[in-house]
Amino acid sequence: MGIVKTCAAFAAFLLAGGSAGAQGAKPTDPQIAHIAYTAGVIDIEAAKLALGKSKNKEVIAFAKDMVRDHTAVNQKALALVKKLNVTPEDNDTSRSLAQKADEERATLSKLRGPAFDKAYAENEVAYHKTVNGALETMLIPDASNPELKDLLSTGLKIFQGHQEHAEHLAEALK
Amino acid sequence: MRHALLLAAAACIAGNEACAGEVIKIKIDQLAYAPASVTAHVGDTVEWKNADFIAHTATSIEGRFDVMIPAGGTGRLELKKVGSFPYTCRFHPNMKGELQVM
Ligand SMILES: [Cu+2]
């Protein structure tokens with residue numbers, strides 16, 4: 001019951017008015033792969049923005065970590081979908097994630113200096129929480145292919161590490 | 001030959017720096033140090049072998065050491081001090097380990 005509720009709340013958050021299909025419809029593996037890949041690209045884009053704007057050593061180090069890890073995960077994901085002969089399929093959840101990220105990036109790009117650093121770090125905490133919640137409640141349980149499930153589970157552990165790292169960073173910038 | 005070995009053993013007991021210590025192996029798999037806690041001696045070397053496809057570190061919480069462990073690679077640390085050294089990964093602070101050096 002708790003999980004269903006969390007999941008529904010989460011789906012509502014992610015979909016933000018749009019819907020991948022009928023309520024309660026599970027995403028397919030090609031859709032899950034697309035969502036996970038998109039989530040990685042979004043964080044790499046945010047990190048690149050930070051690398052172009054920030055002068056803070058810790059923020060720069062964190063952003064470099066994000067580029068490196070998310071690139072590695074996405075390369076694994078691409079290799080896996082190729083091996084499984086799956087074509088990632090765009091869907092409303094991916095589009096909603098990308099749209100929210102565009103808005104967030106627009107907001108961030110107007111900031112500079114410590115205000116930017118703080119907002120970026122806080123956004124990274126919130127973003128990793130969102131993605132980790134999606135992995136735990138939707139993407140991992142709904143994935144059919146065991147190798148995809150495994151990669152998403154490894155991804156979750158990596159991103160939980162990022163979330164904690166981002167929390168430390170945000171705390172230090174307060 | 002036999003005398004040389006005996007001498008080497010004697011040097012080890014005396015805590016001579018030239019004494020080659022043991023290599024303690026720690027595996028990193030799925031963002032976990034295994035074993036998470038190891039007991040070793042001064043002069044031993046800890047070797048972390050990273051089976052993950054992302055880089056990790058073994059970084060002392062108290063700033064005593066910071067070892068890079070590349071994806072699929074290894075990182076080494078020679079133990080020089082007695083003590084208890086909790087460590088983490090700088091990139092993934094959800095990873096936790098401890099070295100007990102005697
Ligand atoms: Cu790590």
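In what follows, every chain begins at residue 1, and chains take the letters A, B, ... in the order their sequences are listed.
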Enter the distance from [X]:[atom1] to [Y]:[atom2] here, rounded to the nearest 0.5 Å.
X	Y	atom1	atom2	result
His168(A)	Thr88(B)	NE2	OG1	8.0 Å
Leu31(B)	Phe159(A)	CG	CZ	10.5 Å
Arg90(B)	His165(A)	CZ	NE2	8.5 Å

Shared ILVMFWY cluster between [X] and [Y], side chains joined below 4.5 angstrom?
X	Y	answer
Leu99(B)	Val42(B)	yes
Tyr127(A)	Val59(A)	no
Phe53(B)	Leu135(A)	yes
Leu111(A)	Leu169(A)	yes
Leu152(A)	Ile42(A)	yes

Practice task
Please report the closest heavy-atom contact between Pro93(B) and Gly161(A), naming both atoms and the distance.
Solution key: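 Answer, listing the atom of Pro93(B) first, then Gly161(A): CD-O, 3.2 Å.
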Practice task
Specify the closest pair of heavy atoms between Ile158(A) and His92(B), including all atoms of both residues, with the distance to one decimal.
Solution key: O-CD2, 3.8 Å
Practice task
Might you confirm whether atom NZ of Lys96(B) has over 12 heavy atoms from other residues, nucleotides or ligands at distances under 6.0 Å?
Solution key: yes
Practice task
Only one of Thr71(A), Asp65(A), Asp69(A) passes side chain to side chain contact (heavy atoms under 4.5 Å, CB included) with Ile54(B); say which it is.
Solution key: Asp69(A)
Handout entry: Toward chain B, the part of Leu151(A) with a non-hydrogen atom under 4.5 Å
Key = side chain
Handout entry: Arg68(A) and Phe91(B), any side-chain heavy atoms less than 4.5 Å apart
Key =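 Side-chain contact under 4.5 Å: yes.
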